[in-house]
Each structure stands twice: as C-alpha cells, then as structure tokens.
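One structure is given here, and the rest of the page talks about it.
All figures in this text were calculated on a predicted structure; none of them were measured in a lab. Computed from heavy atoms alone, side chains included, the values below leave out hydrogens, waters and symmetry copies. Numbers restart at 1 for each chain; the letters A, B, ... are given by sequence-line order, proteins then strands.
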Amino acid sequence: MKPIVWVRELLSSVVAGLVRGLRGKQSRGPSSMRRAAEEERDRLRKEREELEKLYGGEKR
Amino acid sequence: MVTSRSSLLLCGLLLPACGASYAETVRRGMDSATGAVIAVDRLVGTARDAAVAHAREHAETVEDLRAALAPWVSLYEDLADVIDTTLAAYVLLENGEAEAALCLAPKVLEELEGVLQGLEALGLDVPGVLSESVALMRTVAETAVDELGCR
C-alpha cells in the first residue's frame, strides 16, 4: 500500500471514530444522575416549603 | 508553556475531542455534586425534624422560632441552589454545550462550600461524600477558569 493511501485511510478512520464518539455522546438521553437531580429538586422544594411555612411564623 | 502550547494545538486540531473531554469532566463533577446533595439531604433529615420539633415546643415567640430555623432554611436554600445549577449544567451538556456547562463549575463550587458552611454552622458532621465533591469540583472549576477563562 502506498504511504499516502495509508495516511489517508488512517486519517479518515480517526475522523470517523471522533464523529461516532460525539454522536454517541449527544444522542444519549437524560442521564440517571440528571433524573436523580430532578427528583431531589422536587424533594427539596417540598422540604423547603414546610420549613418556610414554619419560618413565616405558623406555630401550632 | 510548551505543554500548554502543544495542548492548545492539539485542541485546535481535534476540537471535537476536546469538547467531549470537557463534557466528561463536567459530567463527573455534576454527578458528584448531585450525589453529595442527596447524601446531605438524607443525613440531616432526622436532625432537622428534631430541631423543628424542639423549636416548636420551646420557642416562646415567632422570633424565637425564626431564629432557631434560620440556619436550616439557609442550608436548604444552598442545597436547592446546587441542584438547580447542576440541572442547568446537565441541560447544557445534553445540548452539546460542554464549555458553557463547564463554566458553571465555579458557581457549583461556591454553592457546595455554602452547604459545607451551613452544616458546620448547625454543628453537624460533614459527610465524606461532600468533602470529596468539593475537592473534585475545585479541580473542575480550576479547569474552567484556567482553560476557558470562565469567571
């Protein structure tokens, strides 16, 4: 195989690998940690609301 | 200098690969921050309920109640701030904006430090997972500042 052909094939396989890697990353759906963060945000919201109700002076 | 110049050259030639590497760095940092917030929320639950019950029982005025609960309100605000910023970073990552997501790292670091100080103010133990997350986020924030000039 001529060197120039070899170099061209090497470069095109590197570029194809990069593109494949990037597409794989971008097409990934929401990560499990992102879902966990969303659930935690909702949980914290409830806990804060309860604290703030008390903080606002609601005393039984 | 030579290394920095070489890495800049490499980044210029392989820009997509650098973007991918930033994405992994941010993802690791944000996953760690999220894990730390979840851990702190679980760990302080019992102490918070006890503090609330104690304050409701012993506070003689609304001001007393407020004073007793103020550090808890502040801690929960800090925890919520971290989660809001990590969620914003996840959204940016999913849109392929790894550099913008990386620029949120200094903010998350500041918010995590707020959580740490909040726990200390309440006299509560700082869980190892939070200290580790602060350390990791410090390196991620340094990358953001040094390599991307984020402020």
Side-chain angles (χ1 to χ4, degrees), chain A, chain B residues 13-17 19-21 23-24 27-28 30-35 37-42 44-45 48-49 51-52 55-57 59-70 72-91 93-96 98:
Chain A
M1 200 187 284
K2 284 182 184 172
I4 193 136
V5 175
W6 181 82
V7 169
R8 198 189 303 149
E9 281 188 3
L10 177 70
L11 278 175
S12 70
S13 73
V14 167
V15 170
L18 281 171
V19 169
R20 221 176 14 249
L22 276 175
R23 281 199 183 140
K25 278 181 197 309
Q26 284 173 356
S27 65
R28 230 193 264 169
S31 69
S32 62
M33 283 311 279
R34 180 189 163 173
R35 281 193 293 275
E38 284 169 341
E39 287 168 13
E40 182 61 19
R41 178 194 55 197
D42 297 341
R43 201 163 34 240
L44 284 173
R45 193 173 291 158
K46 275 188 203 158
E47 287 163 344
R48 277 179 74 191
E49 277 170 7
E50 283 172 23
L51 268 176
E52 279 164 2
K53 243 191 260 173
L54 277 170
Y55 190 72
E58 187 186 279
K59 194 180 169 209
R60 281 180 201 163
Chain B
L13 288 172
L14 299 170
L15 197 58
S21 146
E24 281 311 302
R27 195 180 299 280
R28 259 202 317 274
M30 298 304 162
D31 286 356
S32 154
T34 300
V37 168
I38 293 171
V40 169
D41 185 22
R42 284 187 186 154
V44 302
R48 181 204 60 219
D49 292 345
V52 168
R56 291 175 93 160
E57 201 176 323
E60 291 184 356
T61 63
V62 170
E63 283 67 36
D64 290 346
L65 188 65
R66 283 187 179 165
L69 296 182
W72 287 99
V73 172
S74 169
L75 176 66
Y76 274 83
E77 278 170 0
D78 290 335
L79 288 169
D81 287 345
V82 178
I83 283 295
D84 287 345
T85 314
T86 58
L87 276 170
Y90 284 130
V91 170
L93 280 177
E94 280 159 23
N95 291 336

Which bit of [X] comes within less than 4.5 Å of chain A, counting heavy atoms only: side chain, backbone, both or neither?
{"X": "B:Leu87", "value": "side chain"}
{"X": "B:Glu63", "value": "neither"}
{"X": "B:Val52", "value": "side chain"}
{"X": "B:Ala89", "value": "neither"}

At a heavy-atom separation under 4.5 Å, does A:Glu39 approach chain B through its side chain, its backbone, both, or neither?
neither

Is it true that a side-chain atom of B:Ser74 and a backbone atom of B:Ala70 form a donor plus acceptor pair closer than 3.5 Å?
no

Report yes if some heavy atom in the side chain of B:Thr86 is under 4.5 Å from a heavy atom in the side chain of B:Val37; otherwise report no.
no

Min side-chain heavy-atom separation A:Arg34-A:Ser31 under 4.5 Å:
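Yes. Closest side-chain heavy atoms under 4.5 Å.
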
Under 4.0 Å between a side-chain nitrogen and a carboxylate oxygen: does that hold for A:Arg43 and B:Asp41?
yes

Any carboxylate oxygen within less than 4.0 angstrom of a Lys/Arg side-chain nitrogen, looking at A:Lys46 and A:Glu50?
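Answer for the salt bridge query: no.
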
